[in-house]
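See below for the structure under consideration.
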Amino acid sequence: RIYRAKNNHSEAVKTLAKILENQKKEDKNGVAIDINIDPSIINFYLGHSYFEIGEFDKAIFYFRDSIQLNSKDTMKAKTFIVHSFLNLEKPDDAFNEIQSMTGQGIQNETIAHLFYITGNEWARKKSYEKARKAYCKSLELNHSQETEKIISLVDKYIELGKRLYT
C-alpha cells in the first residue's frame, strides 16, 4: 500500500511478486512457509499495479487469478478487466466480459456504465451497429425516468425526420 500511495506501481509489482513467490516456498526443512496473506488479495493488487503502469495483459492475468482464488473484490477485478480490454482496444472482449457479469450480484448501474463506455469505443472505431447494441444494453440495465425521456425525445426526432424527408 505504501508503494501504491506513492504511485510507485513498478515497485509494488516487484514486492507483490516476491510475496506471491515466497508463499510457494518451503523452508530448509521442507515445511511450507506461511506468510498468511490471502493470495487472491496479492493477485488483485498485482493486477491493479500492472493496470496502473499500462501493462494491461498482465493486469488481466492477475485479476483473473484473483477471481479464481475467490477474491472478495470480484466486482472490482472484473471492472478492471473490462477497462484493460478497452485500453487494449479490444471492445469485443470487453463486451463479452460485461455480459458474463450480468446476474452475478453486480449493480446494474456499474454494468450499464461499462456497456456505455464499450459502446463509445466501438463508435470511435466506427463499428456503429456494435456500439448501438452496447448502448441499448446500457439503457436496458439503467432504466429510469431519464431513460424514458431520452427514448421519447429520440422517437420525436425520428418522427420529425420522417415528416421532413417523406
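Heads up: numbering here begins at 1 and tracks the sequence. Note that this is a predicted model, so its numbers are computed, not measured.
- Here the closest heavy-atom approach between residue F56 and residue F51 is recorded as CE2-O, 3.5 Å.
- Between A59 and S84, the shortest heavy-atom contact is CB-OG, 4.0 Å.
- In terms of heavy-atom proximity, F80 sits nearest to H48 at CZ-CD2, 3.2 Å.
- Remark: K58 pairs with E55 by the salt bridge (charged side-chain N to carboxylate O under 4.0 Å, His left out) rule, at least two apart or across chains.
- Contacts of K137 classified as side-chain contact (heavy atoms from CB on, under 4.5 Å), with partners at least two apart in sequence or in another chain: F95, Q99, F115, E140.
- Using a 4.5 Å heavy-atom threshold, the side chains of L86 and K90 count as separate.
- Taking the six-membered ring for Trp and the full ring otherwise, the centers of Y50 and Y62 sit less than 6.0 Å from each other.
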### Message
Could you go through L88 and I60, starting from their C-alpha distance and side-chain angles, then the distance that decides it, and tell me whether this counts as side-chain contact (heavy atoms from CB on, under 4.5 Å)?
### Response
CA-CA 11 Å; L88 291 167; I60 292 167; 3.9 Å; yes
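- Environment of OH in Y135: crowded, with over 12 heavy atoms of neighbouring residues, nucleotides or ligands closer than 6.0 Å.
- Proximity of Q68 to N43: side-chain heavy atoms (C-beta onward) are nowhere separated by under 4.5 Å.
- Rounding to the nearest 0.5 angstrom, the gap separating the CD atom in E121 from the CG atom in D92 is 10.5 Å.
- Interatomic distance, T110 OG1 to I98 CD1, rounded to the nearest 0.5 Å: 11.0 Å.
- Expressed to the nearest 0.5 Å, how far OG of S40 lies from CZ of F63 amounts to 12.5 Å.
- In this structure, OG in S66 is found 6.5 Å from CZ in F44, a value given to the nearest 0.5 Å.
- Taken from NE2 in H83 to CG in N87, the straight-line distance is 8.5 Å, to the nearest 0.5 Å.
- Between G119 and A131, the shortest heavy-atom contact is O-CB, 3.4 Å.
- Take E97 and apply the salt bridge (charged side-chain N to carboxylate O under 4.0 Å, His left out) test, not counting sequence neighbours, and it matches R64, K78.
- When all heavy atoms are compared, the tightest approach of P91 to T118 is O-CG2, 3.6 Å.
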#### Entry: Stepwise side-chain contact (heavy atoms from CB on, under 4.5 Å) test for I81 and I67
CA-CA 11 Å; I81 290 170; I67 292 166; 3.9 Å; yes
### Message
Under the criterion side-chain contact (heavy atoms from CB on, under 4.5 Å), I'd like the reasoning laid out for E109 against L141: C-alpha separation, chi angles, the key distance, then a yes or no.
### Response
CA-CA 7 Å; E109 295 83 22; L141 291 168; over 6 Å; no
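- Judged purely by atom type and a 3.5 angstrom limit, S138 has no side-chain atom pairing as donor or acceptor with the backbone of A134.
- Salt bridge status for E89 with R124: present, with a side-chain N to carboxylate O gap under 4.0 Å.
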